[in-house]
Protein chains: 2
Amino acid sequence: METIEKLTKKLRSQGMKITPQRLMIFRVLENNTSHPSAENVYKRVKRIYPSVSFTTIYKTLETLRELGEVREFVIDDDRKHYDPNTNLHHHVICSSCKKILDVFEDFSSHVTLPEPVKKDYTVSGFQIFFHGICRDCKLPVA
Amino acid sequence: METIEKLTKKLRSQGMKITPQRLMIFRVLENNTSHPSAENVYKRVKRIYPSVSFTTIYKTLETLRELGEVREFVIDDDRKHYDPNTNLHHHVICSSCKKILDVFEDFSSHVTLPEPVKKDYTVSGFQIFFHGICRDCKLPVA
DNA sequence: TAATAAATAAAAACGATTGTTAATTAGATA
DNA sequence: TATCTAATTAACAATCGTTTTTATTTATTA
């Protein structure tokens with residue numbers, strides 16, 4: 001996601017309006033590396049803007065996705081998560097607490113499709129999901 | 001997934017019953033590399049066993065998952081898919097038609113977490129999702 | 001073959017998401 | 001600055017995939 005300022009300009013130039021609700025959503029997402037679900041975003045916005053509706057969150061997230069400002073993905077879960085970092089990167093997920101962490105490392109020189117598959121698919125990119133246990137969950141229960 | 005014969009023995013040894021509905025589901029899944037959704041399985045079973053209910057499909061797939069006989073996963077889609085091949089492997093998905101193909105290649109020597117992340121996560125495995133366009137979808141429209 | 005625990009079909013319930021609507025409002029323009 | 005209008009909102013209903021519930025049926029085994 002770009003800065004809020006740039007995003008604001010971009011939206012306005014397309015005839016879209018910058019409402020206080022949208023601004024709150026942008027602020028919640030800005031530099032957010034927690035991979036929130038729509039509900040997470042809703043709860044955080046609601047704290048500072050209690051009358052906001054869930055619909056608005058969904059609609060705005062969809063708008064941001066269409067504009068390529070956030071990436072939508074699903075992991076081990078039946079709800080979608082949103083990531084304002086749209087640069088190519090990978091993820092580690094804790095099988096226990098489901099916490100997701102970004103992995104910024106370029107594996108592209110090592111990860112390519114085997115020859116036979118290359119004939120059938122033209123690959124535009126790939127995503128690696130690491131599964132594991134985070135340090136907190138690994139600790140013995142007190 | 002093991003052979004139907006072995007699977008049958010395994011289930012019975014655990015006090016579970018082998019019903020005709022289950023056998024049909026096993027047959028639909030056996031050697032199936034199409035990554036079917038519950039609905040796909042339902043439709044195929046229904047052809048030969050028209051009175052089967054959706055509930056039975058869901059329950060049986062869950063049972064198979066608990067037993068480690070199928071792997072459940074989600075890609076770019078809001079429904080779950082099932083894979084009777086539980087060996088570690090990766091996938092290519094066509095962004096256009098959503099067709100999924102298996103990728104059997106061992107990337108494990110090249111794909112490891114960066115050092116700083118290794119301190120926080122103990123990784124048990126990883127999955128690579130390649131995105132691309134399949135040959136059929138790449139062809140110009142007639 | 002009868003007993004019984006497990007599995008079934010059908011229906012209702014469920015949670016996440018999307019569509020609809022009437023009312024409100026941001027932001028351009030007079 | 002006030003007015004106007006299309007975009008956005010909140011509230012609600014609807015939908016979709018999946019799960020739960022319940023009463024009935026059935027696979028297994030004694």
Side-chain angles (χ1 to χ4, degrees), chain A residues 4-5 7-26 28 35-43 45-67 69-82 98, chain B residues 4-5 7-26 28 35-67 69-70 72-82 98:
Chain A
I4 293 182
E5 205 180 334
L7 186 51
T8 292
K9 275 188 192 151
K10 184 172 172 180
L11 291 200
R12 270 203 258 267
S13 78
Q14 307 215 358
M16 299 179 179
K17 292 176 178 175
I18 305 305
T19 62
Q21 290 93 327
R22 284 186 170 177
L23 268 176
M24 295 301 156
I25 295 172
F26 298 166
V28 165
H35 311 86
S37 64
E39 192 185 6
N40 296 148
V41 175
Y42 173 64
K43 283 184 176 161
V45 171
K46 210 174 168 63
R47 261 188 244 150
I48 35 180
Y49 200 102
S51 69
V52 75
S53 84
F54 225 135
T55 317
T56 302
I57 308 295
Y58 276 115
K59 292 269 160 71
T60 302
L61 287 171
E62 201 202 328
T63 301
L64 289 173
R65 189 187 55 74
E66 283 168 358
L67 293 168
E69 297 293 330
V70 299
R71 184 183 290 266
E72 188 182 273
F73 66 103
V74 189
I75 304 189
D76 274 15
D77 197 346
D78 51 5
R79 73 188 64 195
K80 292 172 186 152
H81 294 258
Y82 296 87
K98 310 296 179 192
Chain B
I4 293 182
E5 204 181 335
L7 185 53
T8 292
K9 274 188 190 150
K10 184 172 173 183
L11 292 201
R12 272 204 259 263
S13 78
Q14 308 215 0
M16 297 177 181
K17 294 176 177 174
I18 305 305
T19 62
Q21 291 92 327
R22 285 187 167 177
L23 270 175
M24 294 300 156
I25 296 171
F26 299 165
V28 165
H35 312 85
S37 65
E39 193 187 4
N40 296 150
V41 175
Y42 173 63
K43 284 184 174 162
R44 300 219 11 218
V45 172
K46 210 172 167 65
R47 259 188 247 150
I48 35 183
Y49 200 102
S51 70
V52 76
S53 83
F54 227 134
T55 318
T56 302
I57 308 294
Y58 277 115
K59 284 264 165 68
T60 302
L61 287 171
E62 201 202 328
T63 300
L64 289 174
R65 190 188 53 76
E66 284 167 358
L67 293 170
E69 297 291 331
V70 298
E72 188 183 271
F73 66 104
V74 188
I75 305 190
D76 274 17
D77 197 347
D78 51 5
R79 72 190 63 199
K80 293 173 187 150
H81 293 258
Y82 296 87
K98 310 297 179 192

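Protein chains get the first letters and strands the later ones, always in sequence-line order, with residue 1 at the start of each.
Side-chain atoms of A:H35 do not come within 3.5 Å of backbone N or O of A:H81 as any donor-acceptor pair. A donor-acceptor pair under 3.5 Å links the side-chain atoms of B:R22 to the main chain of B:K17, judged by distance alone.
The nearest whole Å value for the distance from the CG atom in A:L64 to the P atom in D:dT8 is 12 Å. Rounded to whole Å, atom C1' of C:dG15 lies 12 Å from atom CG of A:D77. When rounded to the nearest whole Å, the span between OH of A:Y82 and P of C:dA16 equals 12 Å. To the nearest angstrom, C1' of C:dA7 lies 15 Å from CG of B:L61. The distance between atom OH of A:Y42 and atom P of C:dT18, rounded to the nearest whole Å, is 16 Å. Distance A:M24 CE to D:dT8 C1': 16 Å, rounded to the nearest Å. Look at CG on A:L11: it is 14 Å from C1' on C:dG27, rounded to the nearest Å. One can place CZ of A:R22 at 11 Å from P of D:dA7, the figure rounded to the nearest angstrom.
Of the candidates C:dA6, C:dA9, C:dA26, the closest approach to any side-chain atom of B:K17 belongs to C:dA6. Side chain of A:E39, nearest nucleotide from D:dT8, C:dA9, C:dA16: C:dA16. The side chain of B:T60 lies closest to C:dT8, out of C:dT8, C:dA9, D:dA10. Taking the side chain of A:T55 as heavy atoms from C-beta on, and the options C:dA9, D:dC12, D:dT8, the nearest nucleotide is D:dC12. Closest approach to the B:S51 side chain among C:dA5, D:dA10, C:dA9 is made by C:dA9 (side chain taken as heavy atoms from C-beta onward). When distances are taken from the side chain of B:Y58 to each of C:dA16, D:dT19, D:dA10, the shortest belongs to D:dT19. Nearest to the side chain of B:I18, among C:dA7, D:dT28, D:dA7, sits D:dT28.
In this pair, A:Y42 and A:F54 present their aromatic rings parallel. The plane angle is below 30°, not in the 30 to 60° band.
Residue contacts shown for A:T19 are limited to sugar-phosphate atoms, with no base heavy atom under 4.0 Å away. Across all strands shown, A:S37 has no heavy atoms under 4.0 Å from either base or sugar-phosphate atoms. Among the atoms of the strands shown, only primed sugar atoms or phosphate atoms (P, OP1, OP2) are found under 4.0 Å from some heavy atom of B:Q21. B:K59 comes within 4.0 angstrom of a base, heavy atoms only. No engagement by A:E62 is indicated, since no non-hydrogen atom pair under 4.0 Å with the nucleic acid exists.
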Chi angles and distances behind the side-chain contact (heavy atoms from CB on, under 4.5 Å) call for B:L61, B:K80: CA-CA 11 Å; B:L61 287 171; B:K80 293 173 187 150; over 6 Å; no

Evaluate the criterion side-chain contact (heavy atoms from CB on, under 4.5 Å) for residue pair B:M24 and B:V52; output intermediate values, then yes/no. CA-CA 10 Å; B:M24 294 300 156; B:V52 76; over 6 Å; no

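Annotation for A:K98: atom NZ counts as buried by contact number, over 12 foreign heavy atoms lying within 6.0 Å.
Nearest-nucleotide positions on DNA chain D place B:R79 closer to the 5' end than the other of B:R79 and B:R12.
A donor and an acceptor atom never sit less than 3.5 Å apart when one is taken from the side chain of A:K80 and the other from the base of C:dA16.
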